[in-house]
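These notes concern the structure reproduced below.
Here is how names work: the chains are called A, B, and so on, in the same order as the sequence lines, proteins then strands, and each is numbered from 1. What you see below is based on every heavy atom in this structure, not just the backbone, and it leaves out hydrogens, waters and symmetry mates.
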Protein chains: 2
Amino acid sequence: MRLVIATCAVDYEGRLSAHLPTATRLLMVKADGSVSVHSDDRAYKPLNWMTQPCELRAEPGRWVVSNPKGETLTITIDEVHLDVQHELGADPGLQKHGVEAQLQELLAANPGFLSQGLRLVRREYPTDIGPVDLLCRDAAGQAVAVEIKRRGEIDGVEQLARYLERLDLDGRLRPVRGILAAQRIKPQAQVLATARGIECVEVDCERLRGAGVERLTLF
Amino acid sequence: MRLVIATCAVDYEGRLSAHLPTATRLLMVKADGSVSVHSDDRAYKPLNWMTQPCELRAEPGRWVVSNPKGETLTITIDEVHLDVQHELGADPGLQKHGVEAQLQELLAANPGFLSQGLRLVRREYPTDIGPVDLLCRDAAGQAVAVEIKRRGEIDGVEQLARYLERLDLDGRLRPVRGILAAQRIKPQAQVLATARGIECVEVDCERLRGAGVERLTLF
DNA sequence: CTATATATCTCGTTG
DNA sequence: CAACGAGGTATATAG
């Protein structure tokens, strides 16, 4: 990794045109050839960048980074304040434990949490436009499709509505109830869900983790 | 901005739990207090980060970054290979010329490009769930709502469908035609649009820029 | 402040 | 390779 702090102007031509007036910034060149330009705020997003694969042609006072798609990043360098290089080696990578997968696991184990008397038929129940997270039957034997999201937004409602359309074509399932389950459901999504006849359940992950086990032992 | 290259392990606890085993990485501390951890690949995305507002407590061998939401980033440092600091000052910021705004401008000037004889009524025509990009009238005097996207995807179709629902409540507009315009429209979106009675138009930005002017001078 | 839409989104997985 | 979905999305803007 090469780190350069320089007073520079930057121009990007590609999916859009963008220009950065002259100022002092960090230029980061990584081992995979990628280049990014950082200002002194915002942890996450570079001001400008070029992802791998790309090629850097560094002349004094002017770097041109281009990629096979024909996008170019031109860095015009006025003054270099720092220029260091260090080999980092390969990174072992991030181990993460996601929320949506966990939610699905917990709700699959405790569907009664979503609606009294719900029983799981199958996780990832297939339709021709993709799998429904949970297919259940309620106490009355009616089929219930459950879409699980970390955050309930309009997309999730529309997605579930499309699944319901599909599932309703199956005589053995019709008519199918729909439940959108999420840690938090946005008002707009609530409204749309109601209009589509879809129920919304906000799930408290902590309570589910604790109470879920209790329920299992109780019934 | 402070740049540290260190052999370190990283743990994030917050919206999820994540762990980075010990390896050599770049730690970047910005003037706004934000912290990011970079490996030697990927220009854009840090391995881990904490956005402003947050607070860094740096003891030797252990940095703890926490934010008001109770999320924490813990960096356990084995060895420091580089530690430099440099004041960059405020950045003048990026000047960009986006695609969607440009598309809207061009199509507003040349609605006939979307459909023969289309005339613009108003840009950003308001509805109670948000503004429609363009409201037009076609040659027959029928109202036409146009949704403009850089890329046409399912979301865009659903969004336009919701607008059409709304606009159709207005007796002076009903029945309203819908056109989804984008540089490229994905097959799934095409299918859904057709099912919803929405027309799709793929717009070649280059041709529009050139031909748009020709059209204006011709008619 | 919350809610919404956008992004040179990035990044994975899947067909 | 394209398409689709998720993201600790981040980020800007409107209400």
* Asked: Starting at CG of B:Asp133 and ending at P of C:dT6, how long is that distance when rounded to a whole Å?
  -> 8 Å
* Asked: What are the residues of residues 25-40 of chain A, sorted by number, that bring a heavy atom to within less than 4.0 Å of DNA chain C?
  -> none
* Residues forming a side-chain hydrogen bond (donor to acceptor under 3.5 Å, both in side chains) with A:Asn67, sequence neighbours excluded -> A:Glu71
* Asked: Any side-chain heavy-atom pair from B:Met1 and B:Val29 closer than 4.5 angstrom?
  -> no
* To do: Please tell me which of A:Arg162 and B:Ala18 maps to the more 5' nucleotide of DNA chain D, matching each residue to the nucleotide holding its nearest heavy atom.
  => A:Arg162
* Asked: Are the side chains of A:Asp32 and B:Asp40 in touch, meaning some heavy atoms are under 4.5 Å apart?
  -> no
* Look at all strands and tell whether A:Lys69 reaches a base, only sugar-phosphate, or nothing, counting heavy atoms closer than 4.0 Å. => nothing
* Structure fact -> To the nearest angstrom, the CG-C1' distance between B:Asn67 and D:dA10 comes to 14 Å
* **Side-chain heavy atoms of A:Val157 within contact of A:Leu160, under 4.5 Å** => no
* Asked: For A:Arg57 and A:Ser66, does a side-chain donor sit closer than 3.5 Å to a side-chain acceptor?
  -> no
* To do: Using distance alone, with no hydrogens and no angle criterion, decide if B:Arg123 and B:Gln104 have a side-chain donor and acceptor under 3.5 Å apart.
  => yes
Expected rows: protein N/O vs nucleotides 2-4 of chain C N/O, under 3.5 Å:
unit_1 : atom_1 : unit_2   : atom_2 : d
C:dA3  : OP2    : A:Arg184 : NH2    : 2.9
C:dT4  : OP1    : A:Gln188 : OE1    : 3.3
C:dT4  : OP1    : A:Gln188 : NE2    : 3.4

* No-hydrogen, no-angle side-chain donor-acceptor test under 3.5 Å, B:Gln183 and B:Lys149 -> no
* Tell me which of A:Arg151 and A:Ile148 sits closer to the 5' end of DNA chain D, going by the nucleotide each one is nearest to. => A:Ile148
* State, without any angle test, whether A:Thr51 and A:Ser34 hold a side-chain donor-acceptor pair at a distance under 3.5 Å. => no
* How close or far is atom P of D:dC4 from atom CD of A:Gln159, stated in whole angstroms? -> 12 Å
* To do: Fit a plane to each ring of A:His81 and B:His86, take the angle between them on a 0 to 90° scale, and name the class: parallel (under 30°), tilted (30 to 60°) or perpendicular (over 60°).
  => tilted
* **Nucleotide D:dC4, atom C1' - distance to CD of B:Glu153 in whole Å** => 8 Å
* Mark up nucleotides 10-15 of chain C, 5' to 3', with B wherever a protein heavy atom is under 4.0 angstrom from a base atom, S wherever such an atom reaches only the sugar-phosphate, and - elsewhere. => SSS---
* Take atom CZ of B:Arg122 as the centre, draw a 6.0 Å sphere, and report whether it contains more than 12 heavy atoms from other residues, nucleotides or ligands. => yes
* Is there a side-chain contact between B:Val132 and B:Glu124 (heavy atoms, below 4.5 Å)? -> no
* Do we see a donor-acceptor contact under 3.5 Å between the side chains of A:His38 and B:Lys30? -> yes
* **Validation row: B:Val144, B:Val176 side chains within 4.5 angstrom (heavy atoms)** => no
Nucleotides 13-15 of chain D: which of its N/O atoms have a protein N/O under 3.5 Å away?
none

* Asked: For residues A:Thr7 and A:Thr24, is any side-chain donor paired with an opposing acceptor at under 3.5 Å?
  -> yes
* **Length of the CG-P vector between B:Asp155 and C:dT6, whole Å** => 9 Å
* To do: Salt-bridge test for A:Glu158 and B:Arg162: reply yes if a basic N is under 4.0 Å from a carboxylate O, no otherwise.
  => yes
* Asked: Rounded to whole angstrom units, what separation is found between the CD atom of B:Glu158 and the C1' atom of C:dA5?
  -> 16 Å
* Structure fact -> For DNA chain C, the expected dot-bracket line (Watson-Crick or G-U under 3.5 Å, [ ] crossing, | inter-strand) is |||||||.|||||||
* Asked: Is there side-chain contact between B:Thr76 and B:Trp63, with heavy atoms separated by less than 4.5 Å?
  -> no
* Asked: Contact class for B:Met50 (heavy atom, under 4.0 Å): base, sugar-phosphate, or nothing?
  -> base
